[in-house]
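Written below as structure tokens is the structure these notes are about.
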Amino acid sequence: MSRIAVTGASGRVGRAVAALLVERGHHVLGLDLVAPATPVPGVDYLVGDLAELPPQDPRLAGLEAVAHLGAFMSWRPEDASRVYDANATATQRLVRALDRSSVRRFVLASTGEVYPENAPVYQPLDEHHPRRPTTWYGLSKVLAEEITAFAGRASGWATVVLRFSHTQDPAELLDPDSFFSGPRFFASRRLTRERAAGHHEVADALEPFAGDDSTLLVASRADGEPVQMGILATADLARGVVLALEASTTGHEVIGLGPDAPTDLGAFARRLAVAAGLRTVDVTLPVSAPSYRTSNARARELLGFAPLLGEEELVLAAVEAREARLASPPTG
Ligand code: NAD
């Protein structure tokens, strides 16, 4: 049993990691900018901005390990400074706050966007792939990775950088209002993004579906490659984080945490539509749409990681969550 801090404990991955750690008998301190919507029983919460933690923060005394998951994800140009502050500056402040503490292991949530995945030099993408981020989010995570490696050297911590694949709660998959799935799967929600990107042919094809939240987008690429990417269910990703916290690796390790195989988003949308009784529209996206595969060989080898939830389980859970949502719409 250890005392472990989880930053971003109110977020998608953080609350799942915190819950799993409590279940496994650890004491958990959850740090987040915002209070959790539903607190995980047994977790002590500390609400505040990581970037404002003082050096050698006494509130972090007695910790043995940290899962640093707190971050801000945005790709909007106007959010560049907020992304930098939340992901790079806040990581530096967290490390300073832990200076001379009892921490011995530090696990960072990074991302495949450090490569970036949508412009792979080779595939499957693995930990040796050069890091040449093209977004402020990707750059902020490269910097967080470097701060983590530095902290390991300077403080003698075992450090693990986990490069997460894309992750979602299955309940988000068929929710048109979800941050990721709305524009990914719902024709009406995709329209704005394609128009803003100047893909007017795609946007025109989607125009008849404006205001329609029951038509899913079956996407393919202009060059015939599938629109595909790694998607890991949040529960699987959380298990990977806990494995990294409980592992006995030493020094600095970089590990890609993703699924066994990529998800073909077009084929997946069709499966979701059939299972949920929704309509589909076929759309050809430009070659800038993602089409990549990642390797999880190192996660298997170093952490004994294996995803448990495949596409079939994700589809079933997504449909179940949609039905529950439709049966009890939010009030007020
Ligand atoms: P999320 O947005 O659901 O949760 C992030 C949490 O961090 C939020 O609760 C937020 O309040 C908190 N936070 C942000 N800035 C903070 C600050 N300055 N101080 C304290 N707390 C702060 O995101 P998630 O999906 O749970 O992602 C968890 C981690 O995984 C993040 O580091 C993210 O960059 C990384 N990641 C996520 C994905 C994905 O597909 N979801 C993919 C790759 C990497």
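The shown structure was predicted, so the numbers you read here are calculated from the model rather than taken from an experiment. Order of listing sets the numbers, starting from 1, for every ligand and every atom in it.
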Have a look at Arg163 and tell me which of Glu117, Glu113, Glu145, Glu127 forms a salt bridge (Lys or Arg N to Asp or Glu O under 4.0 Å) with it. Glu145
Heavy-atom gap Phe180 to ligand 1 smaller than 4.0 Å: yes
For atom 2 (O) of ligand 1, what is the nearest protein heavy atom, given as residue, atom name and distance? Met73 CE, 3.9 Å
Heavy atom of the protein closest to atom 18 (N) of ligand 1 (residue, atom name, distance): Asp49 OD1, 2.8 Å
Compute the minimum heavy-atom distance from Thr7 to ligand 1 and say whether it is under 4.0 Å. no
Please list the nearest protein heavy atom to atom 19 (N) of ligand 1 with its residue and the distance rounded to 0.1 Å. Leu50 N, 3.0 Å
Around atom CH2 of Trp157, are there more than 12 heavy atoms of other residues, nucleotides or ligands at under 6.0 Å? yes
Looking at Ser165, which atoms of ligand 1 are within less than 4.0 Å of one of its heavy atoms? 42 (C), 43 (C)
Would you mind running through ligand 1 and noting each atom that sits below 4.0 Å from a heavy atom of Gly8? 6 (C), 7 (O)
Give the residue and atom name of whichever protein heavy atom lies nearest to atom 9 (O) of ligand 1, and the separation in Å to one decimal. Asp32 OD2, 2.7 Å
Does any N or O in the side chain of Arg189 come within less than 3.5 Å of the main-chain N or O of Pro183, such that one atom is a donor and the other an acceptor? no
Shared hydrophobic cluster, Leu162 / Leu21 (ILVMFWY, side-chain heavy atoms < 4.5 Å): yes
Evaluate Gly11 for polar contact with ligand 1, using N/O atom pairs at a separation under 3.5 Å. yes
Answer with yes or no whether Gln168 contacts ligand 1, where contact means a heavy atom under 4.0 Å from a ligand atom. no
Heavy-atom neighbours of His252 NE2 exceed 12 at 6.0 Å: yes
Should the heavy atoms of other residues, nucleotides or ligands under 6.0 Å from CZ of Phe150 be counted, would the total exceed 12? no
Please compare Phe164, Phe72, Tyr137 and report which has the shortest non-hydrogen distance to atom 34 (O) of ligand 1. Tyr137
Check each atom of ligand 1 against the heavy atoms of Ser10 and keep those under 4.0 Å away; list them by number with element. 9 (O)
Can you list the atoms of ligand 1 that are under 4.0 Å from a heavy atom of His166? 40 (O)
I'd like to know if Gly48 contacts ligand 1, where contact means a heavy-atom distance under 4.0 Å to any ligand atom. yes
The protein heavy atom nearest to atom 26 (O) of ligand 1 is Val13 N, 2.8 Å
Between Leu29 and Leu53, is there a shared hydrophobic cluster once you connect ILVMFWY residues whose side-chain heavy atoms come closer than 4.5 Å? yes
With a 4.0 Å cut-off, would you call Glu194 and Arg190 a salt bridge? yes
Show me which atoms of ligand 1 lie under 4.0 Å from any heavy atom of Val34. 11 (O)
Nearest non-hydrogen protein atom, atom 39 (C) of ligand 1: Thr167 CG2, 3.4 Å
Tell me: protein heavy atom nearest atom 3 (O) of ligand 1, and distance? Arg12 N, 2.9 Å
Distance under 4.0 Å to a non-hydrogen atom of Gly70: what atoms of ligand 1 satisfy this? 7 (O)
Closest non-hydrogen protein atom to atom 20 (C) of ligand 1, residue and atom name please, with distance? Leu33 N, 3.2 Å
Determine whether Val28 and Val241 fall in the same hydrophobic cluster, where Ile, Leu, Val, Met, Phe, Trp and Tyr are linked whenever their side-chain heavy atoms lie under 4.5 Å apart. yes
Would you say Gly112 touches ligand 1, if touching means a heavy atom closer than 4.0 Å? no
Is the His68 ring parallel, tilted or perpendicular to the Phe106 ring (thresholds 30°, 60°)? tilted
I need the atoms of ligand 1 closer than 4.0 Å to a non-hydrogen atom of Leu69, numbered in the order shown. 28 (C), 29 (C), 31 (C), 32 (O)
Pick, from Lys141, His68, Arg15, Met229, the option with the minimum heavy-atom distance to atom 32 (O) of ligand 1. Lys141
Select the closest option to atom 44 (C) of ligand 1 among Ser110, Pro36, Gly230, Ala109, judged by heavy-atom distance. Ser110
Test: Arg82 cationic atom under 6.0 Å from Phe72 six-membered ring centre, within 45° of axis: yes
Take atom CZ of Arg300 as the centre, draw a 6.0 Å sphere, and report whether it contains more than 12 heavy atoms from other residues, nucleotides or ligands. yes
Option set Ser140, Ala71, Ala86, criterion heavy-atom distance to atom 13 (N) of ligand 1, minimum: Ala71
Where is the tightest heavy-atom contact between Val22 and Pro41, given as atom of each residue plus distance? CG1-O, 3.7 Å
For Leu232, is there any backbone N or O sitting under 3.5 Å from a side-chain donor or acceptor partner on Thr167? yes
Kindly say whether Gly310 contributes a backbone atom to a donor-acceptor pair with the side chain of Glu313 at under 3.5 angstrom? yes
Thr111 neighbourhood, listing ligand 1 atoms whose heavy-atom distance to it stays under 4.0 Å: 43 (C), 44 (C)
